[in-house]
Every structure is written in structure tokens, then in C-alpha cells.
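This structure is a prediction, so every number in the text was calculated from the model and none was measured. Protein chains get the first letters and strands the later ones, always in sequence-line order, with residue 1 at the start of each.
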Number of protein chains: 2
Amino acid sequence: MNDQSSASRGRCDSTAWVGVDPSQDYTRPPPLSRPRIVRAALSLVDEKGLPALTMRALATELEVSPMALYNHVRDKEELVDLMLDLVLGEVDTSATEGDWLTQLRALARSYHQALTAHHELAQAYRGRVRIGPHGLLVIERAIGLLLEGGFSPPEASDAFFALFTYTVGFEQMGYIVRLRGGATHEGGEAGYYPLLPPEQIPAVTTVGPHLDGVHRPGRFDYGLDLLLAGLQAKLAQSGKAAAAPS
Amino acid sequence: MNDQSSASRGRCDSTAWVGVDPSQDYTRPPPLSRPRIVRAALSLVDEKGLPALTMRALATELEVSPMALYNHVRDKEELVDLMLDLVLGEVDTSATEGDWLTQLRALARSYHQALTAHHELAQAYRGRVRIGPHGLLVIERAIGLLLEGGFSPPEASDAFFALFTYTVGFEQMGYIVRLRGGATHEGGEAGYYPLLPPEQIPAVTTVGPHLDGVHRPGRFDYGLDLLLAGLQAKLAQSGKAAAAPS
DNA sequence: ACCTGAACACCGTTCAAGT
DNA sequence: ACCTGAACACCGTTCAAGT
């Protein structure tokens with residue numbers, strides 16, 4: 001497309017501007033394009049959070065008029081869909097080590113990791129989901145592994161949704177904060193302690209600070225393994241267990 | 001508070017306005033109050049969806065100036081927190097039939113039911129969650145049952161989050177819709193069929209329409225039972241199973 | 001085809017003023 | 001203490017106009 005580069009290379013070989021391609025205009029940003037918009041939007045959300053994603057803010061980030069975006073993107077909703085699918089492209093869908101169960105675990109973990117890497121965007125994952133090509137690939141892989149494990153199509157679909165729901169839901173869950181408790185609620189992070197006296201909530205008081213954050217390391221894996229163990233048990237009791245390499 | 005009623009009752013006994021309390025002013029709405037605002041907001045969201053919840057719209061619904069709301073509610077965020085806690089008040093936390101596992105299942109189901117009853121509001125359940133008194137009661141009950149089952153405090157906390165995350169996540173998940181596939185995407189509901197040819201997604205093609213909606217009846221229970229079975233297995237293998245009535 | 005500026009129909013919330 | 005109207009600083013998006 002840009003054939004000035006080869007032409008200018010021949011013309012400038014006597015000068016010593018090593019490493020600088022004079023055909024490139026380093027002052028002007030590259031032209032607007034769908035992928036560039038989506039990438040810029042994603043890094044904006046990663047840095048400043050989902051509420052900061054504004055067509056106007058994104059436009060100034062790209063040094064362009066707000067309305068220029070609408071030449072490449074139908075509306076904000078589509079933009080968010082594209083961002084989600086871009087993130088889903090980071091999921092590793094091609095690992096083939098181990099049997100179907102360990103592959104399924106690896107897939108869910110990779111999915112989880114992609115979401116945590118863009119934790120702010122994960123909040124957009126609500127209501128109506130519009131699957132893109134990358135998302136479809138993840139689904140294909142998950143369903144494929146479940147069928148390989150021996151599940152019938154309807155049950156594979158149920159199992160998929162359980163895993164999917166848990167993984168996405170985990171990311172959306174934030175921290176538990178009291179609602180206008182006794183002390184200041186400015187601090188924000190200020191712990192699990194509640195609005196009721198300890199006598200009325202003995203169990204919560206016993207468990208105490210373990211309740212504090214959702215995103216304790218290993219917490220995702222705990223629930224994931226619960227689900228996978230449940231799946232394995234289902235297969236075993238229905239006697240349809242696939243011949244797993246023992 | 002309104003002691004006009006008893007006074008006027010004595011005054012009007014000769015007239016025949018049966019069933020009509022003349023002390024009541026049926027034309028003017030009852031005075032603004034925190035609970036009334038929250039209830040009105042909830043029914044607005046139930047009817048028209050979360051995006052329709054606007055301080056201005058809520059105010060006109062209550063026949064009041066938008067700014068009147070701010071005398072009872074700090075801001076929109078607090079209003080949503082209050083709405084969520086109101087809904088959590090519908091969860092049955094006092095059923096005592098069966099052992100801890102069946103009680104835990106019943107609790108999760110009741111939680112799920114409360115959320116589905118206000119499906120539109122469930123979308124607000126993201127990011128930072130501010131637990132209110134009703135929410136805290138649900139947590140207390142869940143943790144209590146897990147401790148009763150024999151889990152250690154840290155593990156009870158992990159287990160709780162797995163159940164909590166799954167239940168909330170399930171509600172937020174919408175339908176799978178293709179992202180700007182081949183045909184019209186106006187139809188909306190238009191099925192699972194994807195942007196890739198069937199050869200590239202054999203598993204999805206096999207499972208087919210089973211993938212279509214998340215909220216198929218029984219789908220929530222499937223994942224819930226997976227988690228509960230996993231919990232039971234964990235207890236059994238660590239040999240700490242509580243003496244459940246066999 | 002792509003970009004722009006002005007404008008429209010909204011938001012949540014602050015503020016000064018009323019009672 | 002509670003409510004009001006006007007105003008501020010925003011939104012997403014339409015439209016007519018530019019190149």
C-alpha cells in the first residue's frame with residue numbers, strides 16, 4: 001500500500017539517517033481503523049476503568065473528532081463487543097497436554113487469566129453477550145472437550161454454561177464492603193466487618209477476614225475444581241466415562 | 001403520627017361514607033421516604049430495565065422534583081445498593097428441613113429465585129458490592145451451614161465464594177447472540193448460529209440449539225449440584241464429614 | 001469514503017432559594 | 001427539615017457540511 005518507502009530508500013542512501021525511515025511521518029498518528037480504535041479503547045479501560053470509556057474521551061485519545069469513530073464502529077455497544085472479543089483472543093485454545101479434563105481445566109484457567117488481565121473490562125460482560133470469532137473458538141474448544149469426555153450434547157451444554165457462568169461471574173464479583181456501617185465508609189476497602197453485632201452473625205465472625213476479598217490467589221481454582229470434580233462424578237455414575245489414559 | 005384519623009372518625013359517624021376514610025387524602029401521594037423511593041425504583045427497574053432507572057424518571061414516577069430524592073438518598077449508587085438489599089430480603093434464610101447440604105441447596109435456590117424475580121436489577125451486581133443487612137443474613141446462613149458441614153473457616157470462605165459467584169454470575173449471563181453474523185442481527189434472539197462455517201466448529205454444531213439460552217429451566221440446578229457434589233467429595237476425602245442423618 | 005462542528009436530547013448532581 | 005428551579009458539566013448520537 002505504502003510504496004513510497006522503497007522509492008525513498010533509494011534516494012536517501014547517501015545521507016546517514018540510520019534507523020529513520022524518512023517516508024514515515026512520525027508526527028501524525030497512523031490513520032484511524034477499526035482495530036486501532038478497539039485497541040485504544042481497551043488500553044483506556046485497562047488504565048482508567050470502564051466508566052472512563054467515553055466516545056469523546058476515546059476520540060481525544062486518538063486525536064480525532066468524536067464523530068470520526070462512527071465511521072468505523074456502529075455505536076458504543078458494538079465497540080464494547082469488539083473489545084471483549086479482542087480479549088478473548090488471548091485465551092489459549094490449543095493446549096493439548098493431558099486428558100480432556102486437564103485440558104478443560106487449562107482452558108478455563110486461561111479464560112480466567114485473560115479476564116483478570118483486563119479486569120475492568122470484565123464488568124461489561126453482562127446481559128446480552130454478543131459472541132465474536134474468538135469467543136466462539138473458546139466455546140468450540142470447551143464443548144469439544146466435554147463431548148470427548150463422554151457427555152451428551154444437552155449435558156455438555158449444561159456443563160459448559162456452568163463453567164462459563166462461574167468463570168465470568170468470578171471476575172465480576174468485587175469486594176465485600178459493608179453498606180454504610182458504623183465507622184467511616186470512605187476507606188472503601190475497610191474489611192468484612194458488618195452492620196450487625198457479632199452475636200447475630202456468629203459464622204461470619206468465625207470466618208472473619210477470610211471473607212474479605214474475592215480475588216484471593218487460588219480462590220478461582222477452588223471453585224473450578226469443585227465443578228470439575230462434580231463433572232467427573234457425573235460421568236462415573238452414569239458409567240459413560242471415556243477411556244482416559246491412566 | 002397521623003392522629004387526625006381517630007378524631008375525624010368520631011366526627012363523621014352520622015354520614016354514610018362507608019369504606020372511605022375522610023382523613024386520608026387520596027389525591028396526594030404519600031410523603032417521600034427512603035423505603036418508598038427504593039420500592040418505586042425497584043418496580044421501575046422490574047418493568048423497564050436497569051438503563052431506564054434515572055433519578056429524573058424516578059422522580060417523575062414519584063411526582064416529585066428530581067432533587068427531592070437527594071434528601072433521602074446520598075446518590076444513585078447508594079440507591080442501587082439499597083435496591084439490591086431489598087431484593088435479598090426475599091431470600092428464605094430460615095428453612096431447616098434436611099441436613100446442611102440440602103439446606104445449603106435450598107438457600108442457593110432461594111437466592112437464585114430472588115435474583116430471577118428481579119432479573120433486570122441483577123445486572124447491577126457487578127464490581128464493588130456493598131452488603132446490606134439482608135445480604136449479610138444470607139452470607140451468615142451460608143457460612144453457618146458450611147461450618148456445620150465440617151469445613152474449616154478458610155475453606156468455608158472459598159466454598160461460599162464459589163456458590164455466591166456462580167449464583168450471581170448465572171443471573172448476569174444473558175443469551176448467546178452472534179456478533180454481527182451473516183444475516184440480520186436485528187432479530188436479536190436469532191439463535192446460536194455463528195460466524196464460522198460448521199466445519200470449523202464441529203462441537204458447537206453438534207450441540208446446536210442446546211447452547212441457545214442460558215436460562216433453560218433446570219440449568220441453574222445443574223451447575224449448583226456440580227458444586228455441591230464437589231463439596232461433598234472434598235469433605236469425604238478429608239475424612240471430616242459431619243455426621244449427616246443417613 | 002472519511003472527517004468535522006454544531007446541535008439535540010439526554011444524564012447525575014451542585015447550588016441558592018424557597019417553605 | 002424538606003422541597004424546588006435553574007444551572008453545570010457531562011453523555012451518545014444525528015445531521016448537514018466539508019474534503
Separation of C:dG12 atom C1' from B:Glu77 atom CD, nearest Å, is 12 Å
Hits for side chain to side chain donor-acceptor pair (under 3.5 Å) against B:Glu90, two or more places apart or cross-chain, chain-then-number order -> B:His118
Partners meeting salt bridge (Lys or Arg N to Asp or Glu O under 4.0 Å) with A:Arg39 (sequence neighbours left out) = none
Listed by chain and number, what are the side-chain contact (heavy atoms from CB on, under 4.5 Å) partners of B:Ser33, not counting sequence neighbours?
-> B:Pro35, B:Arg36
Across all chains, not counting sequence neighbours, the side-chain contact (heavy atoms from CB on, under 4.5 Å) partners of A:Ala122 are A:Glu171
Using heavy atoms and a sub-4.0 Å distance, could you list which residues of residues 43-54 of chain B are near DNA chain C? By number, please.
-> B:Leu53, B:Thr54
With sequence neighbours left out, what residues match A:Thr167 under side chain to side chain donor-acceptor pair (under 3.5 Å)?
-> none
Might you list the N or O atoms of the protein lying below 3.5 Å from N or O atoms in nucleotides 3-7 of chain C, with each pair's distance?
{"from": "C:dT4", "atom 1": "OP2", "to": "A:Ser65", "atom 2": "N", "distance (Å)": "2.7"}

Relative to each other, are the rings of B:Phe164 and B:Phe161 parallel, tilted or perpendicular (30° and 60° limits)?
-> perpendicular
Mind checking ring-ring contact (aromatic ring centres under 6.0 Å, His included) for B:Phe220 and listing every partner two or more places apart, or none if nothing turns up?
-> B:His112, B:Tyr166, B:Phe170
Taking Watson-Crick and G-U wobble pairs with both distances under 3.5 Å, convert DNA chain D into its dot-bracket string, 5' to 3', dots for unpaired and | for cross-strand pairs.
-> ||.|||||...|||||.||
Under the side chain to side chain donor-acceptor pair (under 3.5 Å) test, which residues partner B:His134, sequence neighbours left out?
-> B:Asp85
Grab the OH-C1' distance between A:Tyr70 and D:dA16 for me, whole Å please.
-> 17 Å
Excluding sequence neighbours, so at least two apart, what forms salt bridge (Lys or Arg N to Asp or Glu O under 4.0 Å) with B:Asp92?
-> none
Can you tell me the distance, in whole Å, between the CD atom of B:Glu78 and the C1' atom of C:dT13?
-> 15 Å
What residues, two or more places apart in sequence or in another chain, satisfy salt bridge (Lys or Arg N to Asp or Glu O under 4.0 Å) together with B:Arg216?
-> A:Asp158
